[in-house]
Each structure stands twice: as structure tokens, then as C-alpha cells.
Trainee: 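Let me begin by handing over the structure; questions about it come next.
Below, chains carry the letters A, B, ... as their sequence lines are ordered, and counting in each starts from 1. Worth knowing before you read on, the calculation uses all heavy atoms, side chains too, and leaves out hydrogens, waters and symmetry mates.
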There are 2 protein chains.
Amino acid sequence: MKTLNNLLREKAIKPTYQRLKILEYVRKYIKKHPTVEMIYEELRYDIPTISMTTVYNTLKLFSEKGLVDGIFITGTEIRFDFNTEPHHHFLCRKCGRILDISIRCPFAEGKEIDEHQVQEVHGYFKGICKTCNKRL
Amino acid sequence: MKTLNNLLREKAIKPTYQRLKILEYVRKYIKKHPTVEMIYEELRYDIPTISMTTVYNTLKLFSEKGLVDGIFITGTEIRFDFNTEPHHHFLCRKCGRILDISIRCPFAEGKEIDEHQVQEVHGYFKGICKTCNKRL
DNA sequence: ATGACTGCAAAATATTTGCATATTC
DNA sequence: GAATATGCAAATATTTTGCAGTCAT
């Protein structure tokens, strides 16, 4: 696995302590698809002075550089995904978790649809996840 | 085409003047996928006393009753769609319009994906629409 | 008259911006 | 030391809520 420092270096992002910690968090909790809030609350233990602004700034920068993806599913807040490979998500209406799913859209980026030039493909599903289903 | 009154009656929604006008707007400007703001600003000519609250209340009610869909693509505001048949959207990065597209996801509602029970299927694409492409 | 609908004002939420201070190379 | 990053406070944008007044049956 690449070091955090290398990940930043590859994208020409200066590796400050805050940035390293934020990147570490999104990679470690890749399955959480965390919000700014989650990251901020966790990092406050390590870096008591950290601010929401820095978390926002940093994730915006990461997103622009293609180091993370911002996903808009809940309609309320941005969820961040360290996995930037095109893939789809499933939002569980019961537990609120966002899960990665295995199916792939047959319509890929770079193609055209109805003569429109496609740059990004987004797909997500809502329902009840298998864990919540078992509990019923 | 069904009357506005019938559309409301079928869903057991009391047909007030505001509700009729809001429904009329989203049906007439179905291709705009309008925001609350757009609807409010337009209806102010007809109903000077109308409030954002009523537009929000009404669209929330319509959405719960399945009369419209709320779509979350831009990340900033809810866009409303009178077409509640499952279909996909294209957001143009240049003109900001949301267009309906003809392709259909092969993964339908009611099915399972990775053992998760699917209730809603959402797909959208971002890029440059054909109109904006021609202008380049 | 009862219950539902409307709309004002205020609150809540999420995100962005301006700017002074601090940090990094 | 120059350039960049951080973080506080305030602003912005969107949506929701509480409540008092209004409308319709």
C-alpha cells in the first residue's frame, strides 16, 4: 500500500499534518464513506485545534485532485469516498450506511449518451441492506 | 391528459389553489426539473401571497404521495420531476440544465443486488450536453 | 365549528468566504 | 522569507419548524 506521503506527493499536494491525518482517516474508514463532520469529530482527538474549515478545504482540494470522490446520495451532506474507481453505491434506508456494490453500469465515462458527452457516471440505489433485512 | 384536479384526487390530496398551481407548474415545465425557488418566483405573479414554506410543504407532500420525484444531483438544491417513471438524468456542467436521457438501467426496482433489497434506482451522468458542445 | 392549509418569522443545517495568524519549505 | 495553509468568525444557501391566522366543508 502506498504511503500517505506518496499519495499526496503524486498529486502535488503539500503534506501537512492535517492533510495527512484527513487522508489517513478516509482511507482507513473507506467503507464508512465519511462526512466532514465524522472526520472533524474524530481528528479533534489528535488535533484539538483543527477546524471544520480545514476539513472542508482539504477535502475539496483532494476531490479536485482526484484523490477522493464526493458523493451526494443522502441529499443532506457530502459523503467522501477514498475509492475513486467508478463504482456504485447502495444507501440503506434503515441503518443509513452507504455500501459499495458489485454491479457496474454498462455506460462508461468518455462515451456519449443521446449525443451528450459524458464525463461522470453516477449510480446509486436505495433500499434495505442485507444486514437490516435479516433483523426484521 | 388528466386534469390537475384528478391527479390530486387520485392521491387523496385536497385541491387547494396553491397546490393546483404548483402541480400545474411542475407538469408544464417538466423538462426544467424546477427548484422550489423557480416555482416560487413564477407563482408569485399569480399568487402574490404565496410563501416558500407552502411550496416546500406542497412538494414534500407530492413527493410522499408519489406525484413528483425529488432529484438530488447538483448537491445544492432539490430539483423536482413530474415524471415519476424510473429514468436517468444528465446534468450539463456548462449550462446547468438537467436533461432526461433515453438509456435505462438494467437493474430494476424490487430486485436484489448483493442480497440488498432495492427500492429505488438512481442514475445520472455529468458532462457537456449536445447543445453546449455545438457552441464550442 | 372543526380540522386542514397557509405563510411569516425564526431555527437548523451544511457549506463557503474573508482575513489574520501560523506553518512549511 | 515568501508562499501557502490553517482556523476563527461571519456570511450564505437551503430546508425545516413553531405558531398564529385563514380557509373550506
Trainee: Write down the distance between CG (B:Asn5) and P (D:dA24), rounded to a whole number of angstrom.
Mentor: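 Spelled out: CG on B:Asn5 to P on D:dA24 is 14 Å.
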Trainee: Between P on D:dT14 and OH on B:Tyr40, what's the gap in Å once rounded to a whole number?
Mentor: 14 Å
Trainee: Heavy-atom distance under 4.5 Å between the side chains of A:Arg19 and A:Leu61, does that happen here?
Mentor: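 Answer yes - side chains close enough.
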Trainee: Could you tell me the separation between the CE atom of A:Met38 and the P atom of C:dA14, rounded to a whole number of Å?
Mentor: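 Rounding to the nearest Å, CE of A:Met38 and P of C:dA14 are 11 Å apart.
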Trainee: Select base, sugar-phosphate, or nothing to describe what A:Gln18 touches, counting heavy atoms under 4.0 Å on all strands.
Mentor: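 Counting heavy atoms under 4.0 Å across all strands, the contact made by A:Gln18 is with sugar-phosphate only.
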Trainee: Can you tell me how far P of D:dC8 sits from CZ of A:Arg44, to the nearest Å?
Mentor: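 Atom CZ in A:Arg44 sits about 10 Å away from atom P in D:dC8.
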Trainee: side-chain contact (heavy atoms from CB on, under 4.5 Å) for B:Val118 and A:Phe90? Distances and angles first, verdict last.
Mentor: CA-CA 8 Å; B:Val118 174; A:Phe90 182 93; 4.0 Å; yes
Trainee: Quickly work out the B:Ile47 CD1 to C:dG7 C1' distance and round it to whole Å.
Mentor: 12 Å
Trainee: Heavy atoms within less than 4.0 Å of DNA chain C: which residues of residues 48-70 of chain A have one? Give them sorted by number.
Mentor: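 Under 4.0 Å from DNA chain C: A:Thr53, A:Tyr56.
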Trainee: Do NZ/NE/NH1/NH2 and the carboxylate oxygens of A:Glu10 and A:Lys2 come within less than 4.0 Å?
Mentor: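 The answer is yes: the pair qualifies as a salt bridge.
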Trainee: Strictly distance-based, threshold 3.5 Å: is any side-chain N or O of A:His89 a donor or acceptor partner for the main-chain N or O of A:Ile98?
Mentor: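 No; judged by distance alone, with no hydrogens or angles, the pair does not exist.
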Trainee: Roughly, in whole Å, what's the span from CD1 in B:Ile39 to P in D:dT14?
Mentor: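 B:Ile39 atom CD1 is separated from D:dT14 atom P by 14 Å.
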Trainee: Can you tell me which nucleotide in D:dT6, C:dT15, C:dC5 comes closest to the side chain of B:Arg19?
Mentor: C:dC5
Trainee: Just by distance, do the side chain of B:Arg79 and the backbone of B:Ile73 share a donor-acceptor pair under 3.5 Å?
Mentor: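 Side chain of B:Arg79 to backbone of B:Ile73, a donor-acceptor pair under 3.5 Å: no, none is there.
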Trainee: Provide, to the nearest angstrom, the distance between the CG atom belonging to B:Leu20 and the P atom belonging to D:dA24.
Mentor: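 In whole Å, D:dA24 P lies 12 Å from B:Leu20 CG.
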Trainee: Would you say that B:Phe62 contacts B:Leu8 through its side chain, given a criterion of any heavy-atom pair below 4.5 Å between the two side chains?
Mentor: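 In contact.
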Trainee: Can you check the B:Glu77 CD to D:dT16 P distance for me, whole Å?
Mentor: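 It works out to 13 Å between those atoms.
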